[in-house]
K.L.:
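Could you have a look at this structure, given as structure tokens, before my questions?
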Amino acid sequence: MQKQDREPIRTRFAPSPTGRLHLGNARTALFNALLARHAGGEFLLRIEDTDRERSRREYVAALLEDLRWLGLAWDHGPSGAEPDPDWFQSRREAHYAPLYARLLATGAAYWCFCTEARLARLRQRQRAAGRPPRYDGACARLDAADAERRRAAGEPAVLRFRVPAGRRVRFEDLVRGPQEVDTDTLGDFVVRRADGTPAFLFANAVDDALMGITHVLRGEDHLSNTPRQLLLLAAVGLEAPRYGHLPLLVDAAGRPLSKRLGSLSLDALRARGYLPAALCNHLARLGHAYAEDPGPADLEALARGFDPARIGRAPARHDPARLDAWQKAVLERLDPGAVRAWLAGHPEGRRAVERVPRARWPDFVAAVRGNLRFPEDAVRWAENLFAEAIAYDAYALDALRAAGCDFLDAAAEALSALPPGAGFRDWTGRVAERTGRRGRWLFQPLRAALTGIQVSGASPGYWRQGPELGRLWSLWERGELDRRLEAARAACRHLDAMRERT
RNA sequence: GCUCCCUUCGUCUAGUGGCCUAGGACACCGGCCUCUCACGCCGGCGACAGGGGUUCGAGUCCCCUAGGGAGCGCCA
């Protein structure tokens, strides 16, 4: 009994707060959000904190923060890290209790008094004998009244689901198509732990049904859970969502993403300076292909073309170069204000924001944005273009020496002879005329004179890369151009003097 | 061990029996754009894991092999 089409779509993301979000989780969240948005439906957030040992309040807060940062707003869900009875499974006992009772009453589940030690031994034996490690059903035939008495006497017990024998469970996977599983390959599984908390299989499936979830996109590792959850939901008389299983996401080396491997955690990527839109664009194409690729797009456009049927079945590898390409593409389309906000959010980038005069900001962004990838890239140009002290680095001095002081004199003269309103080309045209230099012999020394300035954190010669000289030129006032040329001439004369002395 | 899943250029992928001498994007290499880097444009390199079938015809269907993965928990 699975949900059918033609009703409003409702998806969810249901993380357990036992670690930070990484690329893999984030993709799952994104896909569910895109699916909901695509259909004009709703996207919910639920916290699966039934593991008392490992769930941590601060992870909830971090989770919410990461999702908000990514731009994945949820239509319904927790508003903060404080557990509430609606969205935190640890507080939803009241919803579960009647279902346990029903399971017990119909015989669909039974009390199991097996100790963990016995189960461990059992699994070990089964494995050694080359058999699948499954519960052997020791408590399945216990007399119900006896079991209740032992329970009442305080003997610890789990509630175990009785998987019907010799049946086939069929379902249609949203991404993998028709699936069929023999119930004889399934062992009786735990529904409620001895400490009274619900087991994942139970709480997860039940909450999806109770919350009216219609579609669930989740990791492939849940594929074999699906028949169990279907059986369970049928036994409590709830309607199951449709499930779709996403291929695993692996790192650049082809290894599964791990919570311990921190470099692909969302907060690490954010600290590095990646934009949420870059991440979303990257993720939206890992294991999913657009029929018509929208290019660097916002969530709305990403959602428009999103289609679960176009999700792949093979593991997808995260290629950092691809992510960087999205970062560049997204950055390229950001307006100056957004670039400013991005930079202001990072310690490094803030230095750039502070250095560049507000009025010059749009021009600065226009000139430099093609050369940005991370916040620190902006700092060097901000410090170079709006430098107070002017000192040339070794490569610049080489270029000045090679060009000769006469050349610089000519450049300065051409500049002072320039009528107001004349542009970069007028200037370089005149310099070319006076000195007979063209191409790199003309531009290289001019670039050295105007931008070959030492900047903290930049490697020597950094200025030789970067935006077109002409764009930078228009960023400077005439006085600043004079100042730079004058400094270059002084440096050149100093070099000459040094040479004469030796 | 058992059950299930997966396998197209370096990477993400298109491809649902003829439109495929396998297309695109990113990466890489080369060229152009009056200096460099980037952008843009043009071009290049580059793949159907292997073997058997089925078919007039297979990347597409079936089987086997190899390789990878998941599940089999009082973890989610």
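Chain A is the first sequence line, chain B the second, and so forth, proteins listed ahead of strands; every chain is numbered from 1.
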K.L.:
Distance check needed: B:U11 P versus A:H288 NE2, whole Å only.
P.N.:
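Nearest whole value for this atom pair: 21 Å.
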
K.L.:
B:C5, B:U34, B:A76: which one has an atom nearest the side-chain heavy atoms of A:Q179?
P.N.:
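In terms of side-chain proximity for A:Q179, the closest of B:C5, B:U34, B:A76 is B:C5.
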
K.L.:
Is any side-chain heavy atom of A:H215 closer than 4.5 Å to one of A:L174?
P.N.:
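Of all side-chain heavy-atom pairs linking A:H215 with A:L174, at least one is under 4.5 Å.
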
K.L.:
Could you give the distance from CG (A:L72) to CG (A:D66), rounded to the nearest 0.5 Å?
P.N.:
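Atom-to-atom, A:L72:CG and A:D66:CG are 10.5 Å apart.
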
K.L.:
Answer yes or no: side-chain N or O of A:R285 and base N or O of B:U13 forming a donor-acceptor pair under 3.5 Å.
P.N.:
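No such pair is found, so the answer is no.
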
K.L.:
Could you tell me whether A:R54 and A:D49 have a side-chain N and a carboxylate O separated by less than 4.0 Å?
P.N.:
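Answer for the salt bridge query: no.
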
K.L.:
Taking the side chain of A:E468 as its heavy atoms from C-beta onward, which of B:G69, B:C74, B:C35 lies nearest to it?
P.N.:
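When the side chain of A:E468 is considered, B:C35 is the closest of B:G69, B:C74, B:C35.
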
K.L.:
With heavy atoms under 4.0 Å as the rule, sort A:G187 into base, sugar-phosphate or nothing.
P.N.:
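Here A:G187 touches no strand at all.
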
K.L.:
What closest approach, in Å, do A:H245 and A:R218 show between heavy atoms, and which atom pair accounts for it?
P.N.:
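For A:H245 versus A:R218, the nearest heavy atoms are NE2-CD, 3.0 Å.
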
K.L.:
Students often get this wrong, so: under 4.0 angstrom with heavy atoms, is A:R437 touching a base, only sugar-phosphate, or nothing?
P.N.:
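If one applies the 4.0 Å heavy-atom cut-off, A:R437 turns out to touch nothing in the nucleic acid.
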
K.L.:
Within less than 4.0 Å of OP1 or OP2 of B:A70, is there a side-chain N or O belonging to A:R313?
P.N.:
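So the side chain of A:R313 is outside the cut-off, no N or O lying under 4.0 Å from OP1 or OP2 of B:A70.
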
K.L.:
Begin from the C-alpha positions of A:F161 and A:F202 and carry the test ring pair (Phe, Tyr, Trp, His ring centres under 6.0 Å) through to its verdict.
P.N.:
CA-CA 10 Å; A:F161 185 81; A:F202 174 85; 9.7 Å; no

K.L.:
Name the orientation class of the two ring planes belonging to A:F31 and A:H288 (parallel below 30°, tilted from 30 to 60°, perpendicular beyond 60°).
P.N.:
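A:F31 and A:H288: perpendicular rings.
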
K.L.:
Any idea which of B:C37, B:U3, B:G71 is nearest the A:D221 side chain?
P.N.:
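Of all the options, the side chain of A:D221 is nearest to B:G71.
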
K.L.:
Taking the side chain of A:R317 as its heavy atoms from C-beta onward, which of B:U11, B:G71, B:U3 lies nearest to it?
P.N.:
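Within the option list, the nearest is B:U11.
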
K.L.:
Do the side chains of A:E48 and A:R46 get close enough for a salt bridge, i.e. N-O under 4.0 angstrom?
P.N.:
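Salt bridge between A:E48 and A:R46, a charged N being under 4.0 Å from a carboxylate O: yes.
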
K.L.:
Just by distance, with hydrogens left out, do A:E148 and A:W111 show a side-chain donor and acceptor under 3.5 Å apart?
P.N.:
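Short answer, yes.
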
K.L.:
Rounded to whole angstrom, note down the P distance from B:C61 over to B:C2.
P.N.:
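Per the computed distance, 27 Å lies between those P atoms.
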
K.L.:
The side chain of A:D319 is closest to which nucleotide in this list: B:A38, B:C12, B:G10?
P.N.:
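Minimum distance to the A:D319 side chain belongs to B:G10.
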
K.L.:
Is there a donor in the side chain of A:Y96 and an acceptor in the side chain of A:D207, or the other way round, less than 3.5 Å apart?
P.N.:
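Judged by distance alone, the side chains do pair up.
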
K.L.:
How far, in whole Å, is B:C74 from B:C6 if one measures between their P atoms?
P.N.:
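Approximately 28 Å lies between the P atom of B:C6 and that of B:C74.
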
K.L.:
Say we look at B:U60 and B:G53: how far apart would their C1' atoms be, to the nearest angstrom?
P.N.:
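Approximately 15 Å lies between the C1' atom of B:U60 and that of B:G53.
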
K.L.:
Which part of the nucleic acid, if any, lies within reach of A:G287 when heavy atoms closer than 4.0 Å are counted: base, sugar-phosphate only, or nothing?
P.N.:
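Sugar-phosphate: the residue A:G287, judged by heavy atoms under 4.0 Å, touches backbone atoms but no base.
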
K.L.:
Say we look at B:C4 and B:G23: how far apart would their C1' atoms be, to the nearest angstrom?
P.N.:
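Looking at atom C1' only, B:C4 and B:G23 are 33 Å apart.
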
K.L.:
Side chain of A:R447 only, please: which of B:U34, B:A70, B:C35 is the nearest?
P.N.:
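Closest of the options to the side chain of A:R447: B:C35.
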
K.L.:
Say you pick atom C1' in B:A58 and the same atom in B:G18; how far apart are they, in whole Å?
P.N.:
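To the nearest whole Å, 10 Å.
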
K.L.:
From the set B:A38, B:C35, B:A76, return the single nucleotide nearest to any side-chain atom of A:N371.
P.N.:
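Per side-chain heavy atoms of A:N371, the pick is B:A38.
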
K.L.:
Using Watson-Crick or G-U wobble geometry with both distances below 3.5 Å, tell me the partner of B:C2, or none.
P.N.:
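B:G71 - that is the nucleotide pairing with B:C2, both distances being under 3.5 Å.
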
K.L.:
Any strand counts, and the cut-off is 3.5 Å on both contacts for Watson-Crick or G-U wobble. Which nucleotide pairs with B:C20?
P.N.:
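By the stated definition (distances under 3.5 Å), nothing pairs with B:C20.
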
K.L.:
Closer than 4.0 angstrom, basic N to acidic O: yes or no for A:R176 and A:E220?
P.N.:
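Salt bridge flag = yes for A:E220 with A:R176.
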
K.L.:
Which nucleotide sits closest to the side chain of A:R322: B:G71, B:C5, B:U11?
P.N.:
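Output: B:U11.
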
K.L.:
Expressed in whole Å, how much space separates the P atoms belonging to B:A49 and B:A22?
P.N.:
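Going atom to atom, P in each nucleotide, I get 15 Å.
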
K.L.:
Does A:R193 place a side-chain N or O at less than 4.0 Å from the phosphate oxygens OP1/OP2 of B:A76?
P.N.:
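Yes.
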
K.L.:
Consider the side chain of A:Q444, meaning its heavy atoms from C-beta on, and name the nucleotide among B:C12, B:C35, B:A76 that approaches it most closely.
P.N.:
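Selected nucleotide: B:C35.
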
K.L.:
Is the phosphate of B:A76, meaning OP1 or OP2, less than 4.0 Å from a side-chain N or O of A:T50?
P.N.:
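For B:A76, OP1 or OP2 has a side-chain N or O of A:T50 closer than 4.0 Å.
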
K.L.:
Across the strands shown, which category fits A:R425 at heavy-atom distances under 4.0 angstrom: base, sugar-phosphate, nothing?
P.N.:
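Answer is base: heavy atoms of A:R425 come under 4.0 Å of a base.
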
K.L.:
How long is the line joining CG of A:L323 and P of B:A27, in whole Å?
P.N.:
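So the two atoms are 12 Å apart, to the nearest Å.
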
K.L.:
Under the ring pair (Phe, Tyr, Trp, His ring centres under 6.0 Å) test, which residues partner A:Y462, sequence neighbours left out?
P.N.:
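If we apply the ring pair (Phe, Tyr, Trp, His ring centres under 6.0 Å) test to A:Y462, skipping adjacent residues, the hits are A:W381.
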
K.L.:
Who is the Watson-Crick or G-U wobble partner of B:G46, with both distances under 3.5 Å?
P.N.:
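Per the H-bond distance test, none.
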
K.L.:
Please give the nucleotide sitting opposite B:C61 as a Watson-Crick or G-U wobble pair, both distances under 3.5 Å, or none.
P.N.:
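Looking at the geometry, B:C61 pairs with B:G53.
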
K.L.:
Under 4.0 Å, heavy atoms only, any strand: does A:N225 hit a base, just the sugar-phosphate, or nothing?
P.N.:
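Here A:N225 touches the bases of the nucleic acid.
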
K.L.:
With a cut-off of less than 4.0 Å, is there a side-chain N or O of A:R123 near OP1 or OP2 of B:C74?
P.N.:
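For A:R123, the contact criterion (side-chain N or O under 4.0 Å from OP1 or OP2 of B:C74) is met.
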
K.L.:
B:G51 and B:G59: how far apart are their C1' atoms, nearest whole angstrom?
P.N.:
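B:G51 and B:G59 have their C1' atoms separated by 16 Å.
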
K.L.:
Mind checking if A:H282 touches a base, just sugar-phosphate, or nothing, with heavy atoms under 4.0 Å?
P.N.:
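A:H282: no heavy atom of the nucleic acid under 4.0 Å.
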
K.L.:
Quick one: label A:P156 by what it contacts on the DNA or RNA (base, sugar-phosphate, nothing), any heavy atom closer than 4.0 Å.
P.N.:
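It contacts nothing in the nucleic acid.
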
K.L.:
Write down the distance separating the P atoms in B:C48 and B:U11, rounded off to the nearest Å.
P.N.:
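After rounding to an integer number of Å, I get 12 Å for this pair.
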
K.L.:
Could you tell me the separation between the CZ atom of A:R255 and the P atom of B:G67, rounded to a whole number of Å?
P.N.:
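After rounding, the gap between these two atoms is 19 Å.
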
K.L.:
Among residues 131-139 of chain A, which ones have heavy-atom contacts with RNA chain B below 4.0 Å?
P.N.:
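Hits under 4.0 Å, by residue number: A:R131, A:P132, A:P133, A:R134.
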
K.L.:
B:A27, B:A76, B:C74: which one has an atom nearest the side-chain heavy atoms of A:V158?
P.N.:
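Looking only at heavy atoms from C-beta outward on A:V158, the closest nucleotide is B:C74.
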
K.L.:
Base, sugar-phosphate alone, or nothing: which one does A:L469 contact when heavy atoms must sit under 4.0 Å apart?
P.N.:
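Base, at least one base heavy atom under 4.0 Å.
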
K.L.:
Paired with B:C39: which nucleotide, if any, by Watson-Crick or G-U wobble criteria at under 3.5 Å for both distances?
P.N.:
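Matched B:C39 with nothing under the 3.5 Å cut-off.
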
